[in-house]
Amino acid sequence: MRIPIIAANWKMNKTSGETRDFFTRFSEFPKPGPVEIVICPPYPLLSLAAELCQSGGLRLGAQNMYWETAGAFTGEVSPLLLRDLEVQYVIVGHSERRQTFAETDQNVSRKVKAAFAADLVPIVCVGETLQQRQSGRTEAVVEEQVAAAVGGLDPSQVRRLVIAYEPVWAIGSGLPANAGDAERVAIFIRRQIGNLFSLKVARDVRIQYGGSVKPENIADFMSSAEIDGALVGGASLDAAVFTAIIEAGLGVRAS
Ligand code: PGA
């Protein structure tokens, strides 16, 4: 059985004081289980968040990393340092990195391999732009991104992978995908992994939906057995709202 995974992508938000406040407020709400809750703060907040995650039973994730372990790469952060800071997950290939920072499929592939080598679990983001969707290329785009991300991995690594299907047009727009469409893409991805590896491997891969997830719509996505959780941006910044997302998402699983 796949354990649901709901991750908070804080992007370039919060100070250390705001981070402490978030964890204090978040700890006030009871969490239904079983679920993995992952908090992905900006790099400079990782060690503070590591402490706070540990006492709250939460997992820690980073939003990015470089693929080399050390060296002359000014401004970059290595997988080894993330591991040293008790990070367990790392977001790779977010559309903001792909679009604003020219991240390519080849870079995503390097980062995924480097993450596994450092015993970090990558959360690989895939998804089409509005233009690609409108020209009927959603599956082709996602297929190419997934193929690049899993190429050269061992089945044992792929089984641990998390894939976040995030249509680019749904991110930060307030316009989430239709749950049926998201489910269809999740099925498409799982079938692709099945063809590339095996059904057994495909059954273990966790697939999240991301893009304007809110307490009001998470149940639409998580009521599908194909969608194992969510990658939440804006709505993860407020502890009460993020808690409401977790409750509504898991509530639909329990019913
Ligand atoms: P959003 O962002 O929830 O603010 O749409 C999601 C993401 O970028 O992962």
Side-chain angles (χ1 to χ4, degrees), residues 4-14 18 22 26 35-43 45-46 49 58-65 87-103 108 111-112 115 120-130 132-133 138 141-142 145-146 149 161-179 181-183 185-186 189 206-222 227-250:
I5 175 163
I6 300 181
N9 175 10
W10 284 358
K11 309 192 179 183
M12 199 176 73
N13 292 293
K14 291 201 191 290
E18 289 164 350
F22 175 93
F26 196 63
V35 60
E36 280 186 358
I37 300 168
V38 186
I39 308 290
C40 307
Y43 289 140
L45 297 172
L46 282 171
L58 309 175
R59 312 281 165 136
L60 182 63
Q63 299 173 16
N64 184 32
M65 55 165 230
V87 171
Q88 293 156 296
Y89 288 90
V90 59
I91 298 172
V92 176
H94 189 281
S95 68
E96 287 151 17
R97 302 239 33 111
R98 291 181 191 260
Q99 294 196 324
T100 313
F101 302 98
E103 184 122 311
V108 169
K111 289 182 181 188
V112 168
L120 297 163
V121 176
I123 299 176
V124 177
C125 300
V126 299
E128 81 287 0
T129 63
L130 188 57
Q132 290 165 334
R133 181 183 189 81
T138 298
V141 168
V142 167
Q145 291 173 337
V146 170
L161 192 65
V162 179
I163 297 178
Y165 169 55
E166 297 206 305
V168 178
W169 48 272
I171 295 174
S173 65
L175 296 170
N178 168 288
D181 287 348
E183 181 182 51
V185 176
I189 294 171
R206 288 182 292 176
I207 301 177
Q208 299 173 310
Y209 167 75
S212 297
V213 169
K214 301 268 177 323
E216 299 76 36
N217 62 31
I218 180 86
D220 297 343
F221 297 102
M222 286 189 68
I227 297 180
D228 305 300
L231 181 55
V232 187
S236 72
L237 294 171
D238 182 295
V241 176
F242 190 51
T243 304
I245 287 175
I246 295 163
E247 278 173 353
L250 296 183

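Numbering of ligands and ligand atoms starts at 1, following listing order. Residue numbers run from 1 in the order of the sequence given.
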Student: Less than 4.5 Å apart, side chain to side chain, heavy atoms only: is that true for Glu128 and Trp169?
Tutor: yes
Student: Please say which of Phe22, Tyr43, Phe242 ends up in a ring pair (Phe, Tyr, Trp, His ring centres under 6.0 Å) with Trp10.
Tutor: Phe22
Student: Only counting residues at least two apart or in another chain, list the ones meeting side chain to side chain contact (heavy atoms under 4.5 Å, CB included) with Glu18.
Tutor: Lys14, Thr15
Student: Hey, what polar pairs (N/O, under 3.5 Å) does ligand 1 make with protein?
Tutor:
from, atom 1, to, atom 2, distance (Å)
ligand 1, 2 (O), Lys11, NZ, 3.3
ligand 1, 3 (O), Gly233, N, 2.8
ligand 1, 4 (O), Gly234, N, 2.8
ligand 1, 5 (O), Gly172, N, 2.6
ligand 1, 5 (O), Ser212, N, 2.7
ligand 1, 8 (O), Lys11, NZ, 2.7
ligand 1, 8 (O), His94, NE2, 2.6
ligand 1, 9 (O), His94, NE2, 3.3
ligand 1, 9 (O), Glu166, OE1, 3.3
ligand 1, 9 (O), Glu166, OE2, 2.7

Student: Work out which heavy atom in Lys11 is nearest to a heavy atom in Gly233; give both atom names and the distance.
Tutor: CE-CA, 4.3 Å
Student: Atom CD1 in Ile245, atom CG in Asn217: separation rounded to 0.5 Å?
Tutor: 7.5 Å
Student: Checking Glu183 side chain against Ile227 main chain: does a donor-acceptor pair fall under 3.5 Å?
Tutor: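 Absent.
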